[in-house]
Amino acid sequence: MPFIPHTPEDLRAMLERIGIPALDGLFDEIPAGLRLHKPPAVPPALGEAEVARLMARRAVPERRTLNFIGAGAYEHHIPAAVWQLATRGEFYSAYTPYQAEASQGTLQVLYEFQTMMASLAGLDVSNAGLYDGASALGEALLMAVRAHRGARRVLMPATVHPAYRRVVRALVKHQGIEVIEVPYCTDCGHTLAEALEPYSKQEVAALVIPQPNFFGVLEPVDDLVNWIHARGGLAVGLVNPVLLGLLKPPGGWGESGADIAVGEGQPLGIPLSGGGPYFGFMTCKAALVRQMPGRIVGATLDKDGRPGYTLTLQAREQHIRRSKATSNICTNQGLMVTAATIHMALLGSVGLRRVAAASCARTQALAEKLTAIPGVSRLFAGPHAHEAVICLPASSSDVLRSLLQRGILGGLDLRVDYPELGHALLVCATETKLTEDLDCYAEQLQAALQDSRVSPC
Amino acid sequence: MPFIPHTPEDLRAMLERIGIPALDGLFDEIPAGLRLHKPPAVPPALGEAEVARLMARRAVPERRTLNFIGAGAYEHHIPAAVWQLATRGEFYSAYTPYQAEASQGTLQVLYEFQTMMASLAGLDVSNAGLYDGASALGEALLMAVRAHRGARRVLMPATVHPAYRRVVRALVKHQGIEVIEVPYCTDCGHTLAEALEPYSKQEVAALVIPQPNFFGVLEPVDDLVNWIHARGGLAVGLVNPVLLGLLKPPGGWGESGADIAVGEGQPLGIPLSGGGPYFGFMTCKAALVRQMPGRIVGATLDKDGRPGYTLTLQAREQHIRRSKATSNICTNQGLMVTAATIHMALLGSVGLRRVAAASCARTQALAEKLTAIPGVSRLFAGPHAHEAVICLPASSSDVLRSLLQRGILGGLDLRVDYPELGHALLVCATETKLTEDLDCYAEQLQAALQDSRVSPC
Amino acid sequence: MLIFELSRPGRGSFHQAPAPVPEPQLPPALLRALPPLLPEVSELDAVRHYTRLSQKNFSIDTQFYPLGSCTMKYNPRACNQLAMLPGFLAAHPAAPEAAIQGLLACLYDLQEILKEVTGMAAVSLTPMAGAQGEFAGVAMIRAYHDSRGDAERTEIIVPDAAHGTNPATAAMCGYATREVSTDREGNVDLAALRSAVGPKTAGLMLTNPSTLGVFEPSIEAIRDIVHGAGGLLYYDGANLNAILGKVRPGDMGFDVIHVNLHKTFSTPHGGGGPGAGPVGVSARLAEFLPVPVVAKEEGGYRWLTELERPRSIGRLSAHGGNVGVLLRAYVYARMLGREGMARVADYATLNANYLMAELARAGFELAFPRRRASHEFIVSLKNLKETTGIGAMDVAKRLLDKGFHAPTTYFPMLVSECLLIEPTETESKETLDAFVAAMREILEEAHTRPELVKNAPHTLPVRRLDDVKAARDLNLTWKPNPG
Amino acid sequence: MLIFELSRPGRGSFHQAPAPVPEPQLPPALLRALPPLLPEVSELDAVRHYTRLSQKNFSIDTQFYPLGSCTMKYNPRACNQLAMLPGFLAAHPAAPEAAIQGLLACLYDLQEILKEVTGMAAVSLTPMAGAQGEFAGVAMIRAYHDSRGDAERTEIIVPDAAHGTNPATAAMCGYATREVSTDREGNVDLAALRSAVGPKTAGLMLTNPSTLGVFEPSIEAIRDIVHGAGGLLYYDGANLNAILGKVRPGDMGFDVIHVNLHKTFSTPHGGGGPGAGPVGVSARLAEFLPVPVVAKEEGGYRWLTELERPRSIGRLSAHGGNVGVLLRAYVYARMLGREGMARVADYATLNANYLMAELARAGFELAFPRRRASHEFIVSLKNLKETTGIGAMDVAKRLLDKGFHAPTTYFPMLVSECLLIEPTETESKETLDAFVAAMREILEEAHTRPELVKNAPHTLPVRRLDDVKAARDLNLTWKPNPG
Ligand SMILES: Cc1ncc(COP(=O)(O)O)c(C=O)c1O
Ligand SMILES: Cc1ncc(COP(=O)(O)O)c(C=O)c1O
């Protein structure tokens, strides 16, 4: 019996101690009419070898591809040590560290994580992680509304990742919060202060400030922070943690810094893995810590005065505060946070900065190579990080399909979410892409554009 | 500097304590004329990401293949737990357990291994492993000659793996030991007592008895053991440890059992890995234990009377006995032995027996399917384990080449080592091969035989 | 020692980072002035530090972990290995479906398996933990009522024994929570329920078997009461392990369910996640499921998103949820297979009832001595506390000294000084017996050497930690030179 | 607790084994009657048992490990991960070369790298450890003399400080060993060497820097003496770490060398292996190299075997040696690269000389105080032993209590009560300083609380073990019901 250690002898002895003749008796409180009398119609059991064979076959992609999609999930080098350590049984198979004395390993890792993230964001405190970047943004807005104690309106630039905007809407809509979308400048690709003006007389709890934004374009963060602060709202930064190795941290934006910064932790050592598990992070100013959702680890002392770590401020959480909790979140993404902590320790600040700089430089080089192809141009001429929007002279979906056949994931089609941009692709090259890879993309794009199956516009 | 933690500040402080101005001074005792003045002409350093990219490219086989080669290295299912545990840093990065108190983990594993192997072989004791099966056979023969204290002649059936025979020759030749090759019966594929008769009047230190032999054929082990014992020599069994789950153990062969049994440990949870690292094992009767090469772990007590484990009988080994040691072996294959121990613990005796039985059954089924093809026949009609020799109506090397193009590693070509067998292939199917795989091989073989590039004999 | 304390300027080796490149073109005003506080350590430092830290944890791989409501069972190593095959790890979430058919096939199959074992009509895998599954479920209840123009329903009913995520979720979905009480045998007080339901009732969230470790025998009556009032029934599937293959929430009449894959389907808890909390629904709620879900069509598998599912409650994560966790659960489900599913409940329940019987024999007081335990049960130390001053927390800490993780303490809040004990089916009789022996010893110590118990633990990396100080003198990040 | 003691009949789950099949056709007389003594445990039992056992080990990943002559440096995790890529693990050793070109390319490149850093003309990777490399080397020396019809040479000369594998290898190759003494400064006694060589001299095996931790400054004189007598020079490369990129054995005039990849090239020691001991030779010995070696030709890479190399000393393993270890070494070598190679020797030597200076300051006696340390050095506790009764073994055991692995003790046998200390380049100054502090404490304890040191260790899973009993009451396998 897979994973069940009972011998027939054990079963007999145990039933005897319980005082029933057969296993069936254990379920005698379940109404008879509800009991199942045959096993569920799921496939029969496979041995480990059989399931390994099945999965090995399914894990193989149809062909090896070069990936130029970013759009919220980034292919970075992950040191081998990260997952060899994170999957050690003592991390992998431990529970949430409620019994602090038996969980000092995980707790110290989380405390180190909080220190790293707070410093990366230039803010005072960090929690120990949330589900993912999108839901972290939703939590941040709920938190901002709680903290504001007045307005239930938040401003959301259209330059925020479209999926994030959808997630935020799904998460906040039941609490009567109004999410107002702020249009971007279609020339420069970022949010202009002018676009905010219509709301300058209204009570606004928060403004989301993505840096870089979904297009890879850098937002005028100082102006935006100052704008919302002048109106009594909170500035919520949405940032890429790797780029924070290079870019000004949210805590340093504008005159008094963003109040909350959140983002997707995946670029910090988490494999792409089809979209998850990743983790969200949240950092904020000290004054807001009691409004923060999620677990928080604090340093303290033991009976003998030795330092140790424990979950703290639990009165914010659902298991204590129940319907008044700051969030319903309970299990989050602990192991991912452990991996990210090890990842950051292995890279250090110099390493992280290099990854950020190389990724930006690669994408800038890619954009140059692609736009050297006749008919291909760049949208949004200003400075951009490690994503860029390029415009094609042919149907973007046809081009992507043709590129896939050539072994290239050519970027994200912006047609659905930004139809106003025409045949636009969001492309990304991280530090993992060599010059030869960029050249390969450029060559294949040129070929794809000549492909008869690709319809010119 | 990869893997060197020294900061410039450390370097300065350390040189100062040593009392020299620069690193160069550390090498002032090396004759100046010998010192290198430029770095070695090896490729420049690669970052981990770069080397990962290189290796990922090199690890990919040209195409996915179904493997039907055995011949001393067998594809078996390896439970995921085996290597996730064996590569834990505490096993992976530990030294030989000379400091017993700080190595109880490894020592207990080795003690468990010795217990398992001795029991599998039906013999009294086991060492903690040797390099591989072939060199273990060489060591066994040196040991037999030492134990015999008279004869320096050993008998080696031609049914022993050809590479093993070569290794034995390379290892024993400098000690004046004569290795006599005993021919096999070309009808039944095993050693006949008659073939030994020429040596029955000579002093013989040992007879090697492979079970199964290189052809997968079962040898008449009882007769062979009795024959050598009657002549005062030692019986040295050469066995496959997985098949010992099913077959009579060497300790039970003949009237008084083989004296020494050795073999290749690879089938016990070690990946094929291009040929290594694997490990050899050696078990023997208690009386021979002081002649055994390699490390041996014994149970003992600590100062407080608690049980513990330690390396023992070290007086046999080179670091104590130097030129009088039982072998020069020092570092052996500890981690492989650790993995094999975990593997055996996960399978248990029932599991191991099932692997053995399924492997034999698969190969028997394969032989039937292949010999159903016109012109293909089996050599050696008797009972065989999980290898079989088939005879082709066309050049075996051409057929293998054609099969490879069809995604099949069709077996080992016996042409070089056994030219007398004609176009013979040694084929193997373990428990990893499903009926559909066997069918696939049969189909492809049929097609290959029709291939114009395959020359009929 | 913190990793920061190991840091020395200039120590990092950077062989994990790309070679420096010409700086990208970025406006200096948007760049960082001071580097973040990341340690500069050698790879050896980091490996040694985190290896040693890991050894300070208890975990399933090293200890028995009878945490009630958490289902800490063995996490098969194959699940980890197969979910981490390079082909899965490299899959980009926005990759064209044609490039990830194998991955989608696994997800689709898992949807089908969950439908079958829960008895629900449709499943979405996207919620990233139980609580997010609850959110999805309650949001669907709301969407259902809204779709019918039924805007009066503003209350979610929860039993007082419910997990904290239940009321917290109701609040996040804009509902008021109304608690109903539990009777002396651990069942929902039907009279109280009857008087609680009405036109304001959006639904009831129920855990069955409940967090008190007993199966609700009046489940059919409860269903009728709630449905009769126009409310929907939510099944908190955290305890599905107890009934897997024995009885199905769908058959009991539940409209929505979430399943904690990190419990019943044995994906690892990872020191606090990631988990996964797929939701299943009856047919009338199917259109509201969170997106994406995986569909199987002529040409292969594909994602259904907002475009195909306009009435969906929407998207709960940027991509498809915790895919790697789903793969682990899928491998587990395939290894259990048809026969294995029901055995989970058989043996989880056997272990709980055996442990309950043995602890009762050892002199511990059961919260519900007349009831059959489900996969878990409650011991109350109320009397022990009164006679010796030793409470649940003390016993829990003393268990750590004896090499066992503590059971869940002080939850459910209903039973004072409670230990909620869940052994799971993957532990052997020998382990349960050893646990009983340790509990006996502690009971003995409570009477003979109470200080030993009160001051436990004694053998762990730290002694009992000061939680009050942690909350009062908040220290959430390390600072260089604290002096 | 042994795994056998956890075993219960009927407990195994067999999901690791194939489903039962119809029995293969095998003669009953050749089948096993009684099952072997393998445990029947659940997967959880096994995982928990071996995880806990692992935690009882010291290892590089958890402790500083200054074992002289063993070069216990950091084993980069990338080496493990990349050598275990599924594509490498699945490669059958008898696969056609066309199917494993990538693997062969790595091996070929490694051969070239080793040629370059040792200064030898040709390399074979097949020996599976240092001792097997020695065997290959001495066998080649023998093959060389034989090939010239020079059958008189029956002696191998080794310095008295040599590692035990050197004389043991000479014996396996049919040679008598002749020891030459070491002078007061740790150098080979040249006069003794001159009188030892002659027409019987097949060769000299030398470790340089020697196992005494000093570089032999008269290496050129030694070479001339041995070559002058018609003997060949063997370089035991176990200490290559000390001179990597600084000076090459080939340039010193050595004819044969083996390299321990599990030392200088940082493949893991694995609790006792596997290692790899490639051999390099000067041009005149190239034809004798053990097979297989990898050749690069027009059509790609291929193995050269006995067929192409008829004068080879033959084959030392059934296949191509410890390929997975070779891949790890290759990854390491590529990460070090050109610049990194010489830094290994620089910093290994820096660490040794710093530690030597600091221990001398702390009051420890150096075996060769006037010499520069190479990558290792010797402390002698002879005087401490005389004054306090505390010897090298006691200090070693006490270090374990303080969280440091002990240095090598009682080797080389030349120096009484010796500690052979090798910190390696991957350890930081802080670690070395902490080690010095621990050694200071022990020195203090030796005088003030000698019993504490004599009875060490106190904090490990077991106290000092009785080796004598282990050898006297041999207990090499567990037996059920020992009573
Ligand atoms: C009864 C019950 N409901 C809900 C949850 C919440 O699940 P999760 O922690 O995955 O969010 C839990 C687990 O903690 C639980 O035990
Ligand atoms: C100087 C010296 N020579 C030879 C050897 C033998 O190497 P191996 O243990 O790899 O056989 C060693 C290592 O133990 C050594 O230190």
Side-chain angles (χ1 to χ4, degrees), chain A residues 5 10 14 18 26 34 39 44-45 48 55 58-59 79 88-90 93-96 101-102 104-106 115 118-120 131 134 163 166 170 174 271 273-277 298-300 302-303 308 312 318-319 322-323 325 328 330-335 345 348-349 351 354 358 360-361 431, chain C residues 12 16-18 21 24 35-38 40 46 53-54 56-61 78 82 85 87 89 91 93 102 128-129 131 164 167-169 171 173-174 177 247 269-275 314-315 318-320 322-324 337-338 349 353-354 428-429 460 462-463 465 470 475 477-478:
Chain A
D10 291 337
M14 293 170 81
I18 297 169
L26 294 171
L34 293 175
E48 183 180 308
M55 296 301 277
R58 289 187 170 180
R88 283 174 58 84
E90 299 95 320
S93 75
Y95 195 67
T96 304
E101 296 84 358
Q104 286 296 298
T106 290
T115 303
S119 170
L120 262 180
Y131 297 134
R166 291 196 193 99
H174 309 299
S273 196
T300 185
D302 77 357
K303 257 199 161 112
T312 192
Q318 44 71 31
H319 63 285
R322 301 178 73 84
S323 65
N328 71 340
C330 178
T331 295
N332 48 54
Q333 311 282 112
L335 194 68
S349 59
R354 281 209 203 155
C360 294
E431 91 287 358
Chain C
Q16 296 296 358
V21 291
L37 184 66
L38 299 185
E40 291 190 54
L53 276 189
S54 77
K56 294 188 178 181
N57 270 4
F58 276 36
S59 67
I60 283 293
D61 280 7
L82 298 176
L85 287 170
L89 293 188
M128 291 179 285
T169 298
C173 290
T177 319
V247 48
H269 280 273
R315 187 174 274 272
H319 313 291
N322 282 341
V323 173
R338 186 174 299 162
T349 307
N353 280 280
Y354 174 72
S428 66
K429 177 170 179 295
L460 296 187
V462 290
R463 302 278 310 276
L465 289 163
N475 172 346
T477 60
W478 181 79

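These figures come from a predicted structure and were not determined experimentally. Letters A, B, ... are given to chains in the order of the sequence lines, protein chains preceding strands, and every chain is numbered from 1. FYI, side chains are in, hydrogens and waters are out, and symmetry mates aren't considered; it's all heavy atoms of this structure.
- Chain A forms the most heavy-atom pairs under 4.5 Å with one residue out of L460(C), T169(C), L89(C), L37(C), and that residue is L89(C).
- Remark: M14(A) CE to N353(C) CG distance equals 9.5 Å, nearest 0.5 Å.
- Interface summary for chain A: among H319(C), K56(C), R338(C), R315(C), the most heavy-atom pairs under 4.5 angstrom belong to R338(C).
- A distance of 12.0 Å separates CZ of R58(A) from CG of L82(C), quoted to the nearest 0.5 Å.
- Comparing P271(A), G274(A), A299(A), C360(A) by how many heavy-atom pairs each has under 4.5 Å with chain C, the most go to G274(A).
- The backbone N or O of S93(A) lies less than 3.5 Å from no partner atom in the side chain of D61(C), so there is not a single donor-acceptor pair.
- A distance of 5.5 Å separates CD of E90(A) from OG of S59(C), quoted to the nearest 0.5 Å.
- Separation of atoms OG1 (T331(A)) and CE (M128(C)) is listed at 12.5 Å; rounding is to 0.5 Å.
- The minimum heavy-atom distance linking F58(C) with A94(A) is given by the pair O-CB, 3.4 Å.
- Ranking G270(C), A17(C), P36(C) against chain A, the residue ahead of the rest is G270(C), based on heavy-atom pairs under 4.5 Å.
- Contact count versus chain C (heavy atoms, under 4.5 Å) is highest, among G351(A), A134(A), G89(A), for G89(A).
- A pairwise comparison of heavy atoms in P18(C) and R354(A) identifies O-CD, 3.1 Å as the closest pair.
- The two atoms that bring R463(C) and D302(A) nearest to each other are N-OD2, 2.7 Å, heavy atoms only.
- With N57(C) contributing its side chain and T106(A) its backbone, the two residues share a donor-acceptor pair below 3.5 Å.
- Proximity to chain A is limited to the side chain of T177(C), based on heavy atoms less than 4.5 angstrom apart.
- Using a 4.5 Å heavy-atom cutoff, the side chains of N322(C) and Q333(A) are in contact.
- Only the side chain of A118(A) comes within less than 4.5 Å of a heavy atom in chain C; its backbone stays farther off.
- Interatomic distance, T312(A) OG1 to L465(C) CG, rounded to the nearest 0.5 Å: 11.0 Å.
- Comparing P79(A), P39(A), A163(A) by heavy-atom pairs within less than 4.5 Å of chain C, the highest count is held by P79(A).
- Residues N328(A) and A131(C) come closest through the heavy atom pair ND2-O, 3.0 Å.
- Contacts of V323(C) with chain A are made by both backbone and side-chain atoms, with heavy-atom separations under 4.5 Å.
- When side chains are defined from C-beta on, T96(A) does not count as touching H269(C), because their heavy atoms never get closer than 4.5 Å.
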